[in-house]
Amino acid sequence: MKKLAVILFSCLPLVAFAAGGGHNEYVVKAPVNLQDKVSLQNGAKLFVNYCMGCHSLQYMRYSRMAEDLDISEELVMKNLNFTSDKFGDQMENAMPEGAAKKWFGTAPPDLTMVTRLRDADWVYSYLINFYEDDSRPFGYNNHVFPNVGMPHVMANVEAELGEEGFKEAMGDLTNFLTYTAEPVRLERERLGVYVLVFLGILLIPAYLLKKEYWKDVH
């Protein structure tokens with residue numbers, strides 16, 4: 001049961017984001033690129049495998065994620081949905097809130113908006129800054145969030161990938177969480193390009209018209 005609790009604890013004290021300290025020397029720039037679909041897809045995989053045991057994305061639907069990240073419904077339901085949820089359902093976990101409070105003292109927070117509560121740089125830096133500390137209950141502490149109660153659930157991933165590979169993976173996870181905080185940002189940025197092009201073209205007749213009106217002023 002203890003091992004199960006550790007697994008389910010997953011990414012838990014991201015719950016304490018709102019109470020964490022300010023900027024410190026360990027906070028670095030997150031490699032966020034919402035145009036990188038491969039990164040976003042890998043981030044989604046990491047989230048459902050390592051974080052969704054405790055945390056949900058209640059403002060994100062599987063179907064919306066699949067459309068935005070170019071993932072087929074078949075792959076989503078086979079590899080990214082480990083509950084009985086339907087394709088159009090919100091990405092919620094199966095942990096009862098009452099049980100979570102009993103096990104952890106508080107229910108793990110929803111992470112849909114976590115990079116807006118704490119910016120992407122903080123989230124990324126938090127994920128890559130766990131270190132061994134025998135004085136802590138789970139044997140790990142965190143440079144960005146000292147004395148955090150969360151175990152280093154990604155320890156095996158870090159050992160397998162090495163330092164640089166692990167940073168890249170956590171960058172993908174942060175990228176995905178940045179996407180979930182504002183899914184419309186992808187569409188907004190795409191439309192923004194067309195708007196700028198339109199305004200650039202409109203500038204030509206506007207300039208010529210201005211010259212025509214003002215040519216006799218002098």
Side-chain angles (χ1 to χ4, degrees), residues 8-36 38-60 65 68-69 91 93 100 104-133 135-158 161-186 188-189:
L8 290 177
F9 211 65
S10 189
C11 301
L12 178 58
L14 293 170
V15 64
F17 274 10
H23 183 83
N24 66 38
E25 62 181 305
Y26 293 99
V27 175
V28 298
K29 186 69 176 177
V32 171
N33 178 5
L34 297 182
Q35 303 301 324
D36 188 344
V38 174
S39 171
L40 291 169
Q41 291 166 0
N42 189 48
K45 181 181 71 174
L46 288 167
F47 181 85
V48 299
N49 279 282
Y50 293 95
C51 300
M52 206 168 176
C54 288
H55 301 282
S56 61
L57 295 173
Q58 63 179 332
Y59 303 114
M60 173 59 61
M65 177 188 69
D68 289 344
L69 306 191
M91 297 179 66
N93 61 27
F104 309 131
T106 184
D110 179 86
L111 295 184
T112 317
M113 307 290 287
V114 70
T115 59
R116 300 188 72 174
L117 176 63
R118 287 283 194 175
D119 64 31
D121 295 345
W122 196 97
V123 174
Y124 171 68
S125 301
Y126 171 80
L127 291 170
I128 65 173
N129 270 290
F130 280 92
Y131 65 94
E132 293 186 10
D133 183 350
S135 69
R136 301 300 300 155
F138 294 101
Y140 285 92
N141 208 328
N142 191 281
H143 289 300
V144 174
F145 201 127
N147 298 323
V148 67
M150 171 181 162
H152 185 18
V153 69
M154 301 284 187
N156 289 338
V157 177
E158 185 172 13
L161 297 180
E163 182 178 354
E164 292 306 313
F166 179 69
K167 287 182 178 180
E168 182 177 350
M170 294 305 95
D172 292 343
L173 177 55
T174 304
N175 204 25
F176 174 69
L177 290 173
T178 302
Y179 152 73
T180 65
E182 193 180 6
V184 74
R185 179 173 166 181
L186 291 169
R188 189 181 71 237
E189 290 180 352

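Remember, it's a predicted structure, so these values are computed and weren't measured experimentally. Numbering of residues begins at 1 and proceeds along the displayed sequence.
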Quick one: list whatever passes ring-ring contact (aromatic ring centres under 6.0 Å, His included) with F130, sequence neighbours left out. Y126, H152
Heavy-atom donor-acceptor pair, N175 side chain to N33 backbone, under 3.5 Å: yes
Search all heavy atoms of A181 against all heavy atoms of M113 and return the closest pair with its distance. O-SD, 3.6 Å
Test side chain to side chain donor-acceptor pair (under 3.5 Å) applied to D133 - qualifying residues, sequence neighbours left out: S135, N141
Ignoring hydrogens, what is the shortest heavy-atom contact between F176 and L57? Give both atom names and the distance. CE2-CD1, 3.7 Å
Is any side-chain heavy atom of H55 less than 4.5 Å from a side-chain heavy atom of D110? no
Atom pair OG/NE2 of S125 and H143 - distance to nearest 0.5 Å: 12.0 Å
Rounded to the nearest 0.5 Å, what separates atom NZ in K167 from atom CD1 in I128? 5.0 Å
Minimum-distance pair of heavy atoms, taken over all atoms of G171 and P31: CA-CG, 3.7 Å
Check against side chain to side chain contact (heavy atoms under 4.5 Å, CB included), F145 and N142: CA-CA 5 Å; F145 201 127; N142 191 281; 4.1 Å; yes
What is the distance from atom CH2 of W122 to atom OG1 of T174, rounded to the nearest 0.5 Å? 11.0 Å
Are Y179 and L69 close enough that some pair of their side-chain heavy atoms sits under 4.5 Å apart? yes
So, do T180 and L111 sit near enough that their side-chain heavy atoms are less than 4.5 Å apart? no
Between L173 and C51, which heavy-atom pair has the shortest distance, and what is it? CD2-SG, 4.3 Å
Under the criterion side-chain contact (heavy atoms from CB on, under 4.5 Å), which of V114, D172, L46 is the partner of L177? V114
Return the CG to CD distance between N129 and E25, rounded to the nearest 0.5 Å. 9.5 Å
Between R136 and N147, does a side chain to side chain contact (heavy atoms under 4.5 Å, CB included) hold up when you go through it step by step? CA-CA 7 Å; R136 301 300 300 155; N147 298 323; 4.0 Å; yes
N42 versus A169, closest heavy-atom pair with distance: ND2-CA, 4.5 Å
Calculate, to the nearest 0.5 Å, the distance between atoms CZ and CE belonging to F166 and M154 respectively. 6.5 Å
Do the non-hydrogen side-chain atoms of M91 and S56 ever get within less than 4.5 Å of each other? no
For A30 and A120, which heavy atoms make the closest approach, and how far apart are they? CB-O, 3.5 Å
The ring-ring contact (aromatic ring centres under 6.0 Å, His included) partners of Y59 (sequence neighbours excluded) come to none
Out of curiosity, D119 CG to K29 NZ, how far, rounded to the nearest 0.5 Å? 8.0 Å
